[in-house]
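First up is the structure itself, then whatever we jot down about it.
Computed over heavy atoms, backbone and side chain alike; hydrogens, waters and symmetry mates excluded.
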Amino acid sequence: MPELPEVEALRGFLQEQAVGHDIVRVLPVAISVLKTYEPPVTALEGRTLTAVHRHGKFLDLDTDGVHLVTHLARAGWLQWRDRLPDGPPRPGKGPLALRVALETGEGFDLTEAGTQKRLAVYTVTDPAQVPGVARLGPDPLADDFDEAALTALLAGERRRLKGALRDQSLIAGVGNAYSDEILHAAKMSPYKIAGTLGPAELRTLHTALRTTLEGAVERSRGLAAGRLKAEKKSGLRVHGRTGEPCPVCGDTIREVSFSDSSLQYCPTCQTGGKPLADRRMSRLLK
């Protein structure tokens with residue numbers, strides 16, 4: 001799933017490539033991706049793209065009054081095309097969900113792989129009209145997201161760190177992959193109760209959160225949209241690397257599987273050498 005660093009990189013890419021150009025056609029191929037109908041997506045046609053914003057994992061194309069907001073979900077992606085094919089795309093079983101054409105002949109496709117179709121597109125006059133955007137917590141890369149802000153967010157929080165970091169209404173933009181990376185950098189168990197962190201631990205977590213996300217954004221800066229997935233994978237130290245050696249201590253990276261996701265961690269770095277139970281129960285093996 002694209003998370004904050006990848007969406008931020010897409011924002012920067014579109015800011016450079018598309019801002020200042022006119023949208024001539026918006027062609028929905030999979031009608032199911034459209035989550036709003038007033039204004040219609042055709043209201044974007046003939047308007048100039050004036051800015052591109054990011055709200056958590058949401059990408060917001062601003063035409064100075066009408067916004068095209070998208071959430072790429074787990075398997076969605078944005079594919080830039082220097083030259084769009086002639087003629088409208090044909091509906092079918094392929095990954096193409098929506099196409100945006102610019103007056104230059106350039107444009108981009110929103111695509112979604114797999115059978116679970118969760119890609120979402122909204123046409124609104126205010127991004128806050130998108131329910132997912134309205135629920136977002138603070139952005140962890142914002143200037144005012146300091147240690148005190150994180151302390152206030154986690155005060156009294158009874159969930160485990162892994163779940164708390166992934167909650168978009170608590171902190172915007174962090175998902176399954178980067179929560180693993182942040183906790184590995186902080187040397188904290190994913191099962192540690194968030195509200196029990198002391199001042200030194202909160203300082204460590206804040207530093208890990210900022211440096212992990214800032215590092216991922218910096219690695220992705222300036223890359224073409226087509227190279228971002230590979231860059232994300234190559235930059236991950238524990239997520240998706242079950243069975244590989246930890247780059248810090250050399251211990252074997254382990255995994256805990258759940259019904260719809262998994263987490264990866266290093267026992268030596270994060271859990272005092274104890275493996276977490278690889279069953280759908282959140283407790284350490286005794």
I'd like to know if the side chain of [X] pairs up with that of [Y] as donor and acceptor (distance under 3.5 Å, no hydrogens or angles considered).
| X | Y | answer |
| --- | --- | --- |
| Thr242 | Glu244 | no |
| Glu38 | Thr36 | no |
| Tyr178 | Glu6 | yes |
| Glu147 | Thr151 | no |

Answer whether the closest heavy-atom distance between the side chains of [X] and [Y] falls below 4.5 Å.
| X | Y | result |
| --- | --- | --- |
| Ile23 | Arg47 | no |
| Leu14 | Phe108 | yes |
| Met188 | Gln270 | no |
| Val256 | Tyr191 | yes |

Rounded to the nearest 0.5 Å, what's the gap from [atom1] on [X] to [atom2] on [Y]? Could you check?
| X | Y | atom1 | atom2 | result |
| --- | --- | --- | --- | --- |
| Glu214 | Arg221 | CD | CZ | 10.0 Å |
| Arg54 | Glu8 | CZ | CD | 5.0 Å |
| Ile171 | Leu4 | CD1 | CG | 11.0 Å |
| Gln116 | Arg74 | CD | CZ | 6.5 Å |
| Asp180 | Leu236 | CG | CG | 9.0 Å |

**Prompt:** Salt bridge between Lys232 and Glu3, side-chain N to carboxylate O under 4.0 Å?
**Reply:**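 Answer for the salt bridge query: yes.
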
Is there a donor-acceptor pair under 3.5 Å between the side chain of [X] and the backbone N or O of [Y]?
| X | Y | value |
| --- | --- | --- |
| Gln264 | Gly240 | yes |
| Gln79 | Thr111 | no |
| Tyr265 | His239 | no |
| Ser220 | Val217 | no |
| Gln15 | Val52 | yes |
| Ser234 | Glu231 | yes |

**Request:** Measure across Ser179 and Arg166 and return the closest heavy-atom pair with its distance rounded to 0.1 Å.
**Result:**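 Heavy atoms only, the tightest pair is OG-CG, 3.7 Å.
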
**Asked** Which of parallel (below 30°), tilted (30 to 60°) and perpendicular (above 60°) describes His206 and Phe145?
**Response**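 Ring orientation, 0 to 90° scale: parallel.
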
**Message:** Please determine whether residues Val66 and Leu68 belong to a single hydrophobic cluster, defined as Ile, Leu, Val, Met, Phe, Trp and Tyr linked transitively by side-chain heavy-atom distances below 4.5 Å.
**Reply:**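 Linked within one cluster.
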
